[in-house]
Amino acid sequence: MKLALVRDSEIYNRKLLGLTLRDRIKLPLERAGFTVRFFKEDTSVEHAESYLIINEPVLILERDLELNGRKLLVSDGVTFGYLFGDDFHAFFDGDLQMTIEKYLERNSVGVQQIWSVKLSDENLKLAEKLLLSSLVKVKRTGLKPAYYDGIIARTLNRIISLRISKYLADRTVTPNQITVFSFLISVIGSALFLLNSYFATLIAGIIIQLHSIIDGCDGEIARLKFLESKYGAWLDGVLDRYADFIIIFCVTLSVSQTNGLYWVLGFLAAFASFIIPYTGDKYVAVYKQTYTSGSFRIPITRDIRLFLIFLGAIFNTLAISLALIAVLGNIEGLRRIIALRSVEL
Ligand code: C5P
Ligand code: CA
Ligand code: CA
């Protein structure tokens with residue numbers, strides 16, 4: 001057993017983004033394999049294979065808890081906790097603080113910097129910011145998703161989706177409900193392309209961009225509230241493939257009324273919209289690691305494809321959007337086949 005001893009504090013009763021701060025420390029610790037015990041003044045200590053002692057109220061993220069050895073846990077230059085080995089038990093004399101000091105005198109201990117926030121009434125806004133920014137799928141946050149966010153997701157979609165998720169956090173809505181809702185929005189947007197008026201097309205484009213934004217909220221809420229599920233992850237991706245096809249089908253139906261050859265573009269764009277996620281997902285399934293598409297990649301991930309549709313709707317140039325998706329997507333698919341050949345991991 002790995003034992004986590006957390007010094008209790010009033011502040012753990014406060015709620016932040018839908019969960020109490022107590023749950024926000026307990027759940028990640030439990031996921032990291034610790035048995036969690038909150039203590040007030042002092043605590044008894046049974047034998048364990050390792051001891052994590054958190055002395056100050058903090059917000060920590062699950063991804064920072066892959067700890068081993070003997071460590072001082074430090075954030076912003078301040079020690080807030082310790083990780084000790086099974087020998088800590090032998091030092092224990094009933095007084096936790098004294099035991100920690102005795103243990104530190106006898107053992108050499110490494111330092112582990114952790115991206116955390118000390119909890120206080122004044123610091124709650126900072127904690128909220130840390131928590132929200134930790135949800136974004138970029139390298140910096142230490143997340144290991146199937147793939148990282150594309151440029152539109154990073155610079156536009158996440159800024160808005162995080163605000164929506166912040167609003168949703170206090171409500172009971174589940175990630176899977178958001179996944180299905182986001183899909184339904186894409187169907188409504190697609191249908192509007194069929195009305196063939198500029199105004200309807202404009203609204204359709206805006207709705208598709210909104211769909212792209214809300215596609216980030218299911219994952220954000222899942223990570224924020226410890227509600228991730230395999231089925232949810234699978235459904236998220238599968239419904240995206242349906243949505244991609246429905247959107248491109250409706251756009252193609254609409255533009256092909258002026259020129260029947262646009263069906264060829266639509267066909268190729270639909271294929272591109274499959275081959276990009278397929279090559280990514282297949283990579284993740286086989287290589288069992290995050291897909292990073294190399295330095296000469298053509299940026300044509302889903303966030304960008306949907307943004308192209310959005311722009312096409314605004315400027316009434318949807319055929320160009322289809323052409324870009326068709327050409328760039330298929331070239332990128334081929335590029336991946338060639339580029340991966342020489343990467344054997
Ligand atoms: O932020 P984004 O939606 O791209 O994150 C996708 C990830 O979020 C999935 O891989 C999965 O871990 C999680 N998720 C989930 N349940 C959902 C939707 C997403 O667990 N319904
Ligand atoms: Ca999603
Ligand atoms: Ca989705």
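Only a predicted model underlies this, so the values are computations on that prediction, with no experimental measurement involved. Numbering of ligands and ligand atoms starts at 1, following listing order. When a residue number appears, it is its place in the shown sequence, counting from 1.
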**Student:** Are more than 12 heavy atoms from other residues, nucleotides or ligands located less than 6.0 Å from atom CZ of Arg63?
**Tutor:**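 Enclosed.
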**Student:** Between Asp170 and Lys15, does any NZ, NE, NH1 or NH2 come within less than 4.0 Å of an OD or OE carboxylate oxygen?
**Tutor:**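 Salt bridge between Lys15 and Asp170, a charged N being under 4.0 Å from a carboxylate O: no.
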**Student:** Which N, O or S atom name in Asp236 marks its closest approach to the Ca ion (ligand 3)?
**Tutor:**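 Closest to the Ca ion (ligand 3) among those atoms: OD1.
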**Student:** Do the two ring centres, one from Tyr278 and one from Phe274, sit under 6.0 Å apart?
**Tutor:**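 Aromatic pair excluded; centres sit 6.0 Å or further apart.
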**Student:** What's the atom name of the N, O or S in Asp218 nearest to the Ca ion (ligand 2)?
**Tutor:**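 Restricting Asp218 to its N, O and S atoms, the minimum distance to the Ca ion (ligand 2) goes to OD1.
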**Student:** Using 3.0 Å as the threshold, say whether any N, O or S atom from Asp215 sits that close to the Ca ion (ligand 2).
**Tutor:**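 Within the cut-off used here (under 3.0 Å), Asp215 does place an N, O or S atom near the Ca ion (ligand 2).
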**Student:** Just checking: Asp240, one of its N/O/S atoms, less than 3.0 Å away from the Ca ion (ligand 3), yes or no?
**Tutor:**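 Under 3.0 Å: Asp240 contacts the Ca ion (ligand 3) through an N, O or S atom.
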**Student:** Kindly indicate whether a cation-pi arrangement holds for Arg171 with Tyr167, taking the cut-offs as under 6.0 Å to the six-membered ring centre and within 45° of the axis.
**Tutor:**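 The answer is yes; both the distance and angle limits are met.
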**Student:** With a 4.0 Å cut-off on N to O distance, would you call Arg14 and Asp121 a salt bridge?
**Tutor:**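 Salt bridge flag = yes for Asp121 with Arg14.
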**Student:** In plain terms, say whether Glu56 and Lys118 are close enough for a salt bridge, that is, a side-chain N and a carboxylate O under 4.0 Å apart.
**Tutor:**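 Looking at Glu56 and Lys118, the cut-off is met.
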**Student:** Is any NZ, NE, NH1 or NH2 atom of the basic residue among Glu62 and Arg223 found under 4.0 Å from an Asp or Glu carboxylate oxygen of the other?
**Tutor:**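 No, this pair does not count.
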**Student:** After noting the C-alpha distance and the side-chain angles of Tyr103 and Arg70, does the key distance pass the side chain to side chain contact (heavy atoms under 4.5 Å, CB included) rule?
**Tutor:** CA-CA 10 Å; Tyr103 188 91; Arg70 299 183 180 121; 2.9 Å; yes
**Student:** Under a 4.0 Å heavy-atom cut-off, what residues line ligand 1?
**Tutor:**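 Near ligand 1, by chain and number: Lys137, Arg158, Pro175, Asn176, Thr179, Asp215, Gly216, Asp218, Gly219, Ala222, Arg223, Glu228, Ser229, Gly232, Ala233, Asp236.
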